[in-house]
Amino acid sequence: MKRHSSRCLIALTFVVALIGENIANVTYIRVGIILGTGNDSPYDLERSGAAIDLAVDRVNTEILNDRYKIQTVKRTFSGGCDVTQSTGCMLYTWLFGAVFIGCYIPVGADVITLYMGVLLETGNDEPGDMLRTGAAIELAVEEVNSNILNDNYHLVTIKRGFIGGCNATTAQGYAADMAYLKGVAAFVGPGCTLALDPVARLAGYWNIPILTGLGDSGRFKNKAHFQTLTRFSYCQCRLRKVFGTIFSYFHWTDITVIMDRDHEHSLILGETLDVGLQKGGYKPNIVKFYSQNDPDYEDILRDASEISRIMVISAHGDDVRRFLIAAYDLGYPQSGEYVFLDVELIHFTSNYYGDHSWYRGNDDDEKARKAYESMIRIGLYMPTGDLFTDFERKVKINAKRDYNFDYDARREEVNYFVGAFYDAIIHYGRQVNETLDTLGMDAVLDGYRMTRRLWNQTFQGVTGPVFLDDNGDRDTNFKIMDMNPETGIFEDFDGCHRVYDCVFLSVLCFPPYKGGLYGMKFCKSHWEEILSEASVNAPCGSWIFDFLFSIMMVSGASRAMEQFPWYPEGGFLEFLCPPE
């Protein structure tokens, strides 16, 4: 492009934000003025400065009401139309309060708008992407504005979807736009790890709260690096406690974790388990493979079997099935000496996690079905009941109308993570309202302070009871599943839905003892009495193990018990089942 110095327009950049101060009942708005100087331009500071001052004076005296006043922050650059200097000047005005602190903009005489920046993946068929989650976010905002915030405040979303997978570069660019140019008071998302990492670090630097309904990597537990991040779904770091409970009970110490380097979610989960299990006193054997390089699944299993017979497979659903078929061909499940563990967080029909079932309608189905009897599967507990059903119905209607996303046509249900984003905004709205009433807008705009008000809280969400610990991470309900050998379907156990510290005991048998974990019964009387009755009531045959899980963090135990009416006054969980 040909440049003409006479037309060089760096001109005027107004970056507006309200300061979190209120002096003599007046809120001051800072405006960044960026103009060239000493270049004899028709619109340099020497020629334009007086006009700007006159305009500001008129706005303050004739346009704004007495509650608001504009202040200018001026910065000039010399040396012609210098892009580098002008960018630096813009940063200067931001740093001196133009937008950096997070703003709220008055949109009427009595209503102040709080902007919330929504950053989600789109077009990548992920469980927490914009197409699936956008409708839930808007439903939450509508609920906050209608029934939670007082009439003087209004929550508005600024949504940006980024394509190309978990694109860290685009996500943090959009976040910077929202922080500097829009002055958002909070971020929602991203959900995926690689995009959330830089955005959450920047949000901490900008002192802006960031909420996510995903962000499951164990790395986000370190709040020294992610100071204003709150997670409303689950942390992969909790999974090691679920696995660790199983390993500890059966005295399994030699564990192999097989993970796929080519599948982002599986790699992050596998690495989190590696670190987490080591913290639990285990030294797992780590095997990494490349699914895109046509791996030899039998060779991988042979190598792993030289060290352990307990194998956690962190891989795409299709690769999990390939491993189990290879194991069957090697005779591992039939021997009764091998146990495989798999994580299928939610049943999700897209290719993101892959199909974790044994069925494909091909000649290998029978092998796969038999091999899957030796598998334990961990997943997230999905909420049920009228609250979630009504939420799901509304999301499906609005997603089809506003995002052209038809859940039913895709044979897909509204998933856990969509609900977690909804719960995040509802909780934020409540805390904003309480903070405004007790501490004022200064505290709402202090991201660090506002974030700590979100933490260490318990509330009922559409995803069930939400327990946020004192580190801003949710203590999540997990379910442990085993395949029913009669139906070929993985089923979770009854009882207390695997809430942390909700103690339950079940009776199981492993292959070759007909059916893995399936068929366990919750026996009558209290759990300490079950130990003596287990062999009598078990339907599995002569090989019986009583299986005790304790999966709740101590930090949430007392709150958990208050939420569930089936916890008896005597202090023990009672599971009733008639003897066979």
Side-chain angles (χ1 to χ4, degrees), residues 17-22 27-28 30 91 94-105 112-119 144 149 153 155 158 171-172 174-180 182-190 195-213 215 217-233 235 421 423-459 466-475 555:
L18 294 187
I19 307 172
E21 300 178 8
N22 192 291
T27 302
Y28 287 90
R30 285 186 176 175
L91 289 171
W94 287 333
L95 291 171
F96 276 82
V99 126
F100 192 76
I101 60 171
C103 74
Y104 55 96
I105 307 298
I112 292 175
T113 296
L114 286 163
Y115 287 102
M116 175 176 282
V118 179
L119 289 162
V144 168
L149 282 181
Y153 300 92
L155 191 63
I158 301 169
Q172 61 188 315
Y174 286 166
D177 288 346
M178 290 177 172
Y180 291 138
K182 301 297 184 181
V184 295
F187 288 109
V188 176
L196 179 61
D197 187 302
V199 173
R201 291 176 189 271
L202 286 169
Y205 179 73
W206 293 325
N207 198 27
I208 299 175
I210 179 167
L211 325 170
T212 185
S217 171
R219 74 180 69 174
F220 298 118
K221 188 176 180 179
N222 186 349
K223 293 307 192 297
H225 295 159
F226 307 100
Q227 297 180 13
T228 58
L229 174 64
T230 306
R231 296 189 287 176
F232 287 80
S233 60
C235 177
F421 276 102
D423 287 342
I425 295 173
I426 295 296
H427 184 53
Y428 174 76
R430 288 175 182 151
Q431 292 305 311
V432 166
N433 195 56
E434 290 180 12
T435 304
L436 287 170
D437 288 344
T438 57
L439 300 173
M441 183 59 79
D442 287 1
V444 172
L445 295 181
D446 184 341
Y448 185 89
R449 191 177 182 183
M450 188 66 201
T451 297
R452 293 325 181 262
R453 290 181 63 83
L454 297 172
W455 295 1
N456 204 26
Q457 297 278 346
T458 301
F459 65 96
V466 179
F467 310 111
L468 292 174
D469 65 18
D470 57 6
N471 194 54
D473 297 324
R474 181 175 179 175
D475 286 343
S555 64

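Residue numbers start at 1 and run along the sequence shown. Because the structure is predicted, anything quoted here is derived from the model rather than measured.
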Please round to the nearest 0.5 Å and tell me the distance separating atom CG of Asn456 and atom CG of Asp469. 7.5 Å

Once rounded to the nearest 0.5 Å, what's the spacing between atom OH of Tyr153 and atom CG of Leu436? 5.0 Å

Any sub-3.5 Å donor-acceptor pair from Ser233's side-chain atoms to Gly213's backbone N or O? yes

Would you check if Leu211 and Phe421 make a side-chain contact, meaning some heavy-atom pair closer than 4.5 Å? no

Do the side chains of Arg449 and Thr435 get nearer than 4.5 Å, heavy atoms only? no

Quick check: do Gln172 and Leu202 have side-chain heavy atoms less than 4.5 Å from each other? yes

Is the shortest side-chain heavy-atom distance between Phe459 and Asp423 below 4.5 Å? yes

Note: Ala185 and Pro209 closest approach over all heavy atoms is O-CD, 3.2 Å

Using modelled atom types and a 3.5 Å cut-off, is there a donor and acceptor pairing between side-chain atoms of Thr228 and backbone atoms of Ile208? yes

Without hydrogens or angle criteria, can the side chains of Asn471 and Asp473 be said to hold a donor-acceptor pair below 3.5 Å? yes

Under the criterion side-chain contact (heavy atoms from CB on, under 4.5 Å), I'd like the reasoning laid out for Leu468 against His427: C-alpha separation, chi angles, the key distance, then a yes or no. CA-CA 11 Å; Leu468 292 174; His427 184 53; 3.6 Å; yes

Shortest non-hydrogen separation from Met450 to Gln431 and the atoms involved: CE-C, 3.4 Å

Nearest heavy-atom approach of Leu229 to Ala200 is CD2-CB, 4.4 Å

Report the distance from atom CD of Glu434 to atom CZ of Arg453, rounding to the nearest 0.5 Å. 6.5 Å

From the options Ile158, Leu119, Val199, select the one residue that forms a side chain to side chain contact (heavy atoms under 4.5 Å, CB included) with Tyr174. Leu119

Report the relative orientation of the aromatic rings in Trp206 and Phe187; use parallel for angles under 30°, tilted for 30 to 60°, perpendicular for over 60°. tilted

Report the residue from Leu149, Asp437, Leu454 that forms a side chain to side chain contact (heavy atoms under 4.5 Å, CB included) with Val432. Leu149

Roughly how far, to the nearest 0.5 Å, is the NZ atom of Lys223 from the CH2 atom of Trp455? 5.5 Å

Out of curiosity, Thr230 OG1 to Arg452 CZ, how far, rounded to the nearest 0.5 Å? 8.0 Å

Got a second to check how far Thr451's OG1 is from Gln227's CD, nearest 0.5 Å? 9.5 Å

Do the side chain of Thr458 and the main chain of Phe467 share a donor and acceptor less than 3.5 angstrom apart? no

